[in-house]
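Note that these values count all heavy atoms, side chains included, but never hydrogens, waters or copies made by symmetry. Fair warning: this is a prediction, and the values are worked out from it, not measured in the lab.
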Amino acid sequence: MTAPNGSLRGVRVLDLSRILAGPLCSQMLADHGAEVIKVEPPAGDDTRTWGPPFVSETMSAYHTGINRNKNNICLDFASPGGQQVLDELLRDADVVVENFKAGTLAKWGFSDESIAERYPRLIHCRITGFGIDGPMGGMPGYDAILQAYGGLMSINGEPSGPPLRVGVPIVDMVTGIYAFSGVLLALHDRHTTGRGQLVDCTLLDTAISLLHPHSPGWLVSGKLPRRTGSAHPSIAPYDTFEAEDGQIFIGVGNDRQFRHFADLLGIPEIADEARFATNADRVRNVAELRPLIIERIAAHRRHDLARKLLDRGVPATPVHDVGEALTDPQVLHRNMVVERDGYQGTGIPIKLSRTPGEVRTAPREKGADTRRILASLGYSEDRIEELIAADIARSTDT
């Protein structure tokens with residue numbers, strides 16, 4: 001494995017998490033230079049089976065998207081021998097990321113209190129669905145469960161349709177990003193205090209944090225927001241429209257942009273009408289505005305109209321499918337699709353000028369680095385073989 005050169009070089013991370021939020025957090029740390037050891041139980045991370053498509057018999061495409069740049073060790077923590085290895089891994093780590101069910105680590109002898117006492121410099125990042133206490137404390141939760149529980153589904157969908165799940169696991173992914181941010185904050189604090197701390201992230205907190213602008217709207221007015229499809233509840237026109245050859249999204253964010261928009265469509269006079277003069281007017285009268293612009297938008301090809309609007313400072317874009325997005329020239333120019341040794345994935349969204357992140361290795365097979373990691377902890381070859389023979393550790397390396 002290539003030595004990390006990013007801004008987090010020298011930071012050691014123990015990734016005990018599975019599914020999405022935790023692995024995404026640790027992958028972001030790894031992308032920026034941290035040395036990450038992913039620990040999988042004998043059954044493996046659930047996402048290895050989340051397919052098709054698969055890239056191998058033991059790895060789904062889903063799994064590859066959140067587990068690059070990591071070493072991999074397979075251990076059974078339910079056994080005393082596995083718990084001893086976990087203790088040594090924690091002693092050697094700066095950060096641990098985990099999303100066990102409440103009480104699991106404590107059952108193995110690693111309660112919050114004992115972790116803080118035994119590893120005072122360790123940053124303990126815990127990710128749960130609802131937290132470990134309170135009325136819902138300890139309850140399990142996947143992304144869609146929290147989208148529903150946290151109100152996100154209620155505001156997503158067409159006005160005449162049912163509540164819908166957002167089409168990507170947005171709660172899981174943002175929780176992973178929040179966890180990444182929390183770890184960085186804790187690392188910064190440790191430079192001053194020398195002490196680690198608990199970074200406590202929940203899918204519920206993330207879901208509630210994503211309700212803007214509906215949450216401040218309800219807190220001020222007490223009125224429940226309605227679903228608006230692709231449209232914005234506070235900006236108009238800001239929606240998807242049918243062009244001659246497909247859909248285009250147009251977002252007119254201010255009155256100046258609306259004048260350019262109306263002029264380009266050949267109806268400049270509507271910008272002077274009282275019912276459309278300001279954004280607030282346009283939001284109140286959007287049902288009257290839409291018929292005036294729909295036919296004119298439909299007369300244009302989506303790429304041509306989007307470029308003309310952009311040239312006038314009006315945000316607009318063809319509605320791309322995933323394939324169009326991942327082959328778009330600007331996406332490629334930004335290095336947001338990467339390939340290394342047969343691995344393909346999305347790029348690194350945080351660009352640093354002096355210490356950029358990098359993709360060094362593809363996701364590893366379960367247990368691919370077990371022997372090497374145990375040896376780095378001081379285990380002899382005989383002891384490593386004993387652990388493997390006892391099924392406490394598993395290895396696919398030779």
message: I'd like to know if Arg227 pairs up with Glu158 as an ion pair, taking the criterion as any Lys NZ or Arg NE/NH1/NH2 lying under 4.0 Å from an Asp or Glu carboxylate oxygen.
response: no
- request: To the nearest 0.5 Å, tell me how far Ile350 CD1 sits from Ser7 OG.
  value: 8.5 Å
- prompt: Heavy-atom distance under 4.5 Å between the side chains of Thr228 and Asp239, does that happen here?
  reply: no
message: Keeping Arg118 on the side-chain end and Ile115 on the backbone end, is there a donor-acceptor pair under 3.5 Å?
response: no
query: Does any donor atom in the side chain of Arg372 or Asn71 lie under 3.5 Å from an acceptor atom in the other side chain?
result: yes
query: Does Arg282 make a cation-pi contact with Phe258 (under 6.0 Å, within 45 degrees of the axis)?
result: yes
query: Given Arg364, which of Asp45, Asp15, Asp369 fulfils the salt bridge (Lys or Arg N to Asp or Glu O under 4.0 Å) condition?
result: Asp369
- prompt: Is the backbone of Val319 close enough, under 3.5 Å, to the side chain of Arg302 for a donor and an acceptor to pair up by distance?
  reply: yes
message: Given 3.5 Å as the limit, does a donor-acceptor pair link the side chain of Gln257 with the main chain of Gly253, or not?
response: yes
message: If the threshold is 4.0 Å, N to carboxylate O, is there a salt bridge linking Arg301 and Asp245?
response: yes
Donor-acceptor pairs are to be reported for all side-chain atoms of residues 176-188 against protein atoms at under 3.5 Å, with residues two or more places apart or in another chain.
from, atom 1, to, atom 2, distance (Å)
Tyr178, OH, Ser209, OG, 2.9
Ser181, OG, Ile177, O, 3.0

query: Could you state the interatomic distance from NE2 (His214) to CG (Leu219), rounded to the nearest 0.5 Å?
result: 13.0 Å
query: Going by heavy atoms in the side chains, are Asp200 and Asp205 under 4.5 Å from each other?
result: no
message: Let me confirm one number: the CG-CD distance from Leu210 to Gln147, rounded to the nearest 0.5 Å.
response: 9.0 Å
statement: Taken to the nearest 0.5 Å, the spacing of Thr327 OG1 from His320 NE2 works out to 8.5 Å
- prompt: Under 3.5 Å, side chain of Arg296 to main-chain N/O of Leu265, donor-acceptor pair present?
  reply: yes
message: Can a donor-acceptor pair be found, under 3.5 Å and without considering hydrogens, that links the side chain of Thr202 to the backbone of Thr128?
response: no
- request: Go through Thr355 and Asn5 one step at a time and tell me if the side chain to side chain contact (heavy atoms under 4.5 Å, CB included) criterion holds.
  value: CA-CA 7 Å; Thr355 56; Asn5 291 314; over 6 Å; no
query: Do Tyr149 and Phe130 have their ring centres less than 6.0 Å from each other?
result: yes
message: Under the criterion salt bridge (charged side-chain N to carboxylate O under 4.0 Å, His left out), I'd like the reasoning laid out for Arg48 against Glu40: C-alpha separation, chi angles, the key distance, then a yes or no.
response: CA-CA 11 Å; Arg48 286 188 178 274; Glu40 292 192 56; 2.6 Å; yes
message: Distance check, rounded to the nearest 0.5 Å: Ile373 atom CD1 versus Asp92 atom CG?
response: 10.5 Å
Any donor-acceptor N/O pair, Arg190 side chain to Arg121 backbone, under 3.5 Å: yes
query: Sub-3.5 Å donor-acceptor pair from the side chain of Arg312 to the main-chain atoms of Phe261, do we have one?
result: no
message: If the threshold is 4.0 Å, N to carboxylate O, is there a salt bridge linking Arg91 and Asp87?
response: yes
message: Within this structure, what is the CG-CE distance for the pair Asn67 and Met59, rounded to the nearest 0.5 Å?
response: 8.0 Å
task: Indicate yes or no: does Arg394 engage Asp391 in a salt bridge with an N to O separation below 4.0 Å.
output: yes
- prompt: Judged by modelled atom types alone, do Asp76 and Ser79 share a side-chain donor-acceptor pair under 3.5 Å?
  reply: no
query: Short question: side chain of Asp255, backbone of Asn279 - any donor-acceptor pair under 3.5 Å?
result: yes
Worked verdict on Phe77 versus Phe110 for ring-ring contact (aromatic ring centres under 6.0 Å, His included): CA-CA 11 Å; Phe77 290 144; Phe110 299 91; 7.9 Å; no
From CA spacing to verdict: side chain to side chain contact (heavy atoms under 4.5 Å, CB included), Met136, Leu204: CA-CA 10 Å; Met136 291 291 289; Leu204 175 60; over 6 Å; no
- request: Indicate whether any N or O donor in one side chain lies under 3.5 Å from an N or O acceptor in the other, for Asp172 and Thr175.
  value: no
message: Walk me through whether Arg360 and Asp31 qualify under side chain to side chain contact (heavy atoms under 4.5 Å, CB included).
response: CA-CA 8 Å; Arg360 301 180 301 280; Asp31 284 351; 6.0 Å; no
- request: May I ask you to decide if Asp281's main-chain N or O and Thr278's side chain share a donor-acceptor pair within less than 3.5 Å?
  value: yes
Stepwise side chain to side chain contact (heavy atoms under 4.5 Å, CB included) check, Tyr379 with Val85: CA-CA 10 Å; Tyr379 283 73; Val85 177; 3.4 Å; yes
query: Can Asn72 and Lys366 be counted as having a side-chain donor-acceptor contact under 3.5 angstrom?
result: no
field: Whether Lys70 side chain and Pro23 backbone form a donor-acceptor pair below 3.5 Å
entry: yes
Run the side-chain donor-acceptor check on residues 95-106: report pairs under 3.5 Å with partners two or more places apart or on a different chain.
from, atom 1, to, atom 2, distance (Å)
Glu98, OE1, Phe100, N, 3.0
Glu98, OE2, His124, NE2, 2.7
Asn99, OD1, Arg18, N, 3.2
Asn99, ND2, Arg18, O, 2.8
Thr104, OG1, Lys101, O, 3.0

statement: The ring pair (Phe, Tyr, Trp, His ring centres under 6.0 Å) partners of Phe241 (sequence neighbours excluded) come to none
